[in-house]
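One structure is given below, encoded as structure tokens.
Side chains are part of it too, since the values below use all heavy atoms of this structure and drop only hydrogens, waters and symmetry mates.
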Amino acid sequence: GLRFGFHQLRATSDPRSHVWVFETEVGAGLGENFYATVNAFDSTIYQSFLYFYELDVSTGEAIEGYENGAKTGTRGVELALKADFEPIRISGHYSLYSAAGKGEIETYVVEGHPSSLLAFANHKGHLDVSVDVGSLSITPAVTVIGPRWTFAADGAGARGRFLDQLPAAVVADLALFYRDLGVEGVDLGVSGHDLLDVVPGYAQPYDGIHAMLPSPGREIMLELHFAL
């Protein structure tokens, strides 16, 4: 199938701020077991709202508020592939974006790398496989996050900052789900997130003058479902 369109979003509080989004999506079945989609997008934010915080050097008081900035936006593609070979199901996704020619807000841009925005990876991929073995469902998954740019402290005080590139990260997950555990309608699930304990962290899309926020790291969760 083919789908395309464009739309405009406008902020109600300030008519100068608005967003244009153009999007096209193509999907096709590849034989009996595969289905693929390709999505291309181009979005631009004009007169975007920017939060600012600064200190008045004369009074020492903090000044904060919002103001209209220049334009920003991204363009890119997203690919998705699904395959069904009962009892095995496979799903994969890949996304790519570029801010080249659109990033005019100094707060968000990466100096010397016009295609990138602070904190956001230009490339991201995900793959999961689900296998049914009787009443047991096993689903391993892996997410690959490309390199990201952020600001890091250089040890020279509160304003001692430098632009740093975070390495690519691989986050591995695994989920086990057992249906009708001894009693019909009672299901048990065990799942693990970030099993390699990579802890990619949450980079800020601006220079926030503090350390990157940590992610939870490795997590093990137990779920019990039952139907009355």
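By the side chain to side chain contact (heavy atoms under 4.5 Å, CB included) test, Glu61 pairs with Thr59, sequence neighbours left out. Listed by chain and number, the residues in a ring pair (Phe, Tyr, Trp, His ring centres under 6.0 Å) with His93 amount to none (sequence neighbours excluded). Scanning for side chain to side chain contact (heavy atoms under 4.5 Å, CB included) contacts around Tyr202 gives Leu213, Ser215, Pro216, with sequence neighbours left out.
Scanning all heavy atoms of the two residues, the minimum distance from Val110 to Leu118 falls at CG2-N, 3.7 Å. What you find for Arg148 and Phe120 is that their closest heavy atoms are CG-C, 4.0 Å. Minimum interatomic distance between Ile145 and Ala121 (heavy atoms only, all atoms of both residues): CG2-CB, 3.9 Å. Taking all atoms of both residues into account, the shortest heavy-atom contact from Arg218 to Asp197 is N-OD1, 3.0 Å. Taking each heavy atom of Ala70 and Ile105 in turn, the nearest pair found is O-CD1, 3.6 Å. Counting all heavy atoms, side chain and backbone alike, Leu81 lies closest to Phe34 at CD1-CD2, 4.1 Å.
Taking the six-membered ring wherever Trp is involved, the centroid distance between the rings of Phe177 and His225 falls below 6.0 Å.
Side-chain contact between Leu195 and Leu174 is present, with at least one heavy-atom pair separated by less than 4.5 Å. Between Val199 and Asp194 the shortest side-chain heavy-atom distance falls below 4.5 Å. Residues Glu23 and Asn39 form a side-chain contact, since some pair of their non-hydrogen atoms from C-beta on lies under 4.5 Å apart.
Considering Thr72, Thr44, Thr74 as possible partners of Lys102, the one that fulfils the side-chain hydrogen bond (donor to acceptor under 3.5 Å, both in side chains) test is Thr44.
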Using side-chain hydrogen bond (donor to acceptor under 3.5 Å, both in side chains), reason through Ser116 and Asn122 one step at a time and then give a plain yes or no. CA-CA 6 Å; Ser116 300; Asn122 290 89; 2.6 Å; yes
Between Leu224 and Val186, is a side chain to side chain contact (heavy atoms under 4.5 Å, CB included) present by the stated rule, with each step listed? CA-CA 7 Å; Leu224 180 63; Val186 177; 3.9 Å; yes
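Annotation: Lys71, atom NZ; neighbour count of heavy atoms from other residues, nucleotides and ligands within 6.0 Å is above 12. Heavy-atom contacts from other residues, nucleotides or ligands closer than 6.0 Å to CZ of Phe226 number 12 or fewer. Heavy-atom neighbours of Glu184 CD from other residues, nucleotides or ligands within 6.0 Å: at or below the threshold of 12. For Glu106, the CD atom is loosely surrounded, since the number of other residues' heavy atoms within 6.0 Å does not exceed 12.
Hydrophobic clustering (side-chain heavy atoms under 4.5 Å, transitive across Ile, Leu, Val, Met, Phe, Trp, Tyr) keeps Ile138 apart from Phe85. Side-chain heavy atoms closer than 4.5 Å link hydrophobic residues (I, L, V, M, F, W, Y) into clusters, and following such links, even through other members, never connects Leu79 to Val144. Using a 4.5 Å cut-off between side-chain heavy atoms of Ile, Leu, Val, Met, Phe, Trp and Tyr, with links allowed through other members, Ile220 and Leu196 fall into different hydrophobic clusters. With hydrophobic clusters built from ILVMFWY side chains whose heavy atoms lie under 4.5 angstrom apart, Met221 does not share a cluster with Leu136. The cluster map of Ile, Leu, Val, Met, Phe, Trp and Tyr, joined by side-chain heavy atoms under 4.5 Å apart, puts Leu117 and Phe41 in the same cluster.
Formation of a donor-acceptor pair under 3.5 Å by the Asp164 side chain with backbone atoms of Phe151 is not found in this model. Distance alone, capped at 3.5 Å, places no donor-acceptor pair between the Asp173 side chain and the Val142 backbone. Not a single donor-acceptor pair under 3.5 Å links the side chain of Asp132 to the backbone N or O of Ser137. Here the side chain of Arg75 pairs a donor or acceptor atom with the backbone of Ala100 at under 3.5 angstrom.
Rounded to the nearest 0.5 Å, atoms CH2 (Trp149) and CG (Leu166) are 9.5 Å apart. To the nearest 0.5 Å, atoms CD1 (Ile45) and CD (Gln47) are separated by 12.0 Å. Taken to the nearest 0.5 Å, the CD atom of Glu223 stands 10.5 Å off from the CG atom of Asp187. Taking CG of Leu222 as the start and CG of Leu188 as the end, the distance is 5.5 Å to the nearest 0.5 Å. Atoms NE2 and OG1, on His193 and Thr143 in that order, are 8.0 Å from each other to the nearest 0.5 Å. The OG atom of Ser91 lies 13.0 Å from the OH atom of Tyr35; values are rounded to the nearest 0.5 Å.
A salt bridge does not link Asp128 with Arg89: every distance from a Lys NZ or Arg NE/NH1/NH2 to an Asp or Glu carboxylate oxygen is 4.0 Å or more.
There is no side-chain donor-acceptor pair under 3.5 Å between His123 and Tyr97. With 3.5 Å as the limit, one finds no donor-acceptor pair spanning the side chains of Asp180 and Ser135.
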